[in-house]
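Structure record follows, encoded as structure tokens.
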Amino acid sequence: MTHTITESPIGPLTLVRTAAGLSGVYMPGHRPAPDEAAFGERDDDAFTDAVAQLGEYWAGARTAFDLPLDPAGTEFQQRVWQALRSIPHGETRSYGWIAAHIGQPTAVRAVGLANSRNPLSIVVPCHRVVGSTGALTGYAGGVERKRYLLEHESGSLLSLAARLDSVA
């Protein structure tokens, strides 16, 4: 395991990787908190593609990530995280939609739990999942960061300075 830290509009992001691929993208105050002792040594050179693609995302030039990924999770979590990657940039889906999409329409709560355990924030877009009424629900980096990401993707960033102040 190795890690790096890169700046972003929502604060510094800690990127973690295994030999197989990116395994974590964590924000300050991330919940649940990752085990930082498992991040390994810092190696900025191991993350050039991930940092470049995140930069393109923040600049509005990238809508999906093309990186080798290696998130640790159960088979069910992996299916949920794969479904998250099918949500188009700038759109949202409900937990119920994800449950139906993976063929388990009654597993809405389990989908919510798996979504909350996604270790690849932003890259695997768990921020695109909202409640059945469209309400913003919890997010590992906080609801204000989730709102910021959704506004960034929809092109409707309102009061950018105030948003950044509230999430940094």
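Residues I87 and I98 are in side-chain contact: their nearest non-hydrogen atoms beyond the backbone lie under 4.5 Å apart. The closest side-chain heavy-atom distance from L15 to L54 is below 4.5 Å. Side-chain contact between W58 and I10: present, with at least one pair of heavy atoms (C-beta onward) separated by less than 4.5 Å. T137 has its side chain within reach of Y95: a pair of non-hydrogen atoms, C-beta onward, lies under 4.5 Å apart. Under the 4.5 Å side-chain criterion, counting only non-hydrogen atoms from C-beta, P12 is in contact with P28. Side-chain contact between R147 and E144: present, with at least one pair of heavy atoms (C-beta onward) separated by less than 4.5 Å.
Remark: Y26 pairs with H30, F39 by the ring-ring contact (aromatic ring centres under 6.0 Å, His included) rule, at least two apart or across chains. With sequence neighbours excluded, no residue forms a salt bridge (charged side-chain N to carboxylate O under 4.0 Å, His left out) with R85. For E56, the salt bridge (charged side-chain N to carboxylate O under 4.0 Å, His left out) partners at least two apart in sequence or on another chain are R62. Partners of R117 according to the salt bridge (charged side-chain N to carboxylate O under 4.0 Å, His left out) rule, which considers only residues two or more places apart in sequence or in another chain, do not exist here. The salt bridge (charged side-chain N to carboxylate O under 4.0 Å, His left out) test applied to E41 returns no partner, not counting sequence neighbours.
Considering every non-hydrogen atom in both T63 and R128, the closest pair reads O-NH2, 3.7 Å. The minimum heavy-atom distance linking G96 with V108 is given by the pair CA-CG2, 3.9 Å. Contact record, H3 with T14: CD2-CG2, 4.3 Å, taken as the closest heavy-atom pair. Between H101 and A83 the shortest heavy-atom distance is CD2-CB, 3.6 Å. Of all heavy-atom pairs spanning Q78 and P71, the tightest one is NE2-O, 2.8 Å. Residues T2 and A46 approach most closely at OG1-CB, 4.1 Å, considering heavy atoms.
In the hydrophobic clustering of ILVMFWY residues, with side-chain heavy atoms under 4.5 Å counting as a link, L69 and V16 come out apart.
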Quiz prompt | Residues L136, L150; criterion side-chain contact (heavy atoms from CB on, under 4.5 Å); working and verdict | solution = CA-CA 10 Å; L136 296 187; L150 292 172; 3.4 Å; yes

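The OG atom of S86 sits 7.5 Å away from atom CZ of R93, with the distance rounded to the nearest 0.5 Å. For the atom pair S132 OG and W97 CH2, the distance stands at 15.5 Å (nearest 0.5 Å). The distance from atom CZ of F76 to atom CD1 of I102, rounded to the nearest 0.5 Å, is 4.0 Å. In this structure, L22 CG and L67 CG are separated by 6.0 Å, a value rounded to the nearest 0.5 Å. In this structure, NZ in K146 is found 11.0 Å from OG in S121, a value given to the nearest 0.5 Å. Put simply, CG on L113 and CD on Q77 are 7.0 Å apart, with the number rounded to the nearest 0.5 Å.
Between Y148 and H127, the distance from one ring center to the other does not fall under 6.0 angstrom.
Of the possible polar contacts, one joining the N118 side chain to the V124 backbone as a donor-acceptor pair under 3.5 Å is found.
Judged as a salt bridge (Lys or Arg N to Asp or Glu O under 4.0 Å), the pairs with a partner in residues 43-52 (not counting sequence neighbours) are, in order, R42-D44.
Test H152, H89, E153 against Y57 for side chain to side chain donor-acceptor pair (under 3.5 Å) and you get one pass: E153.
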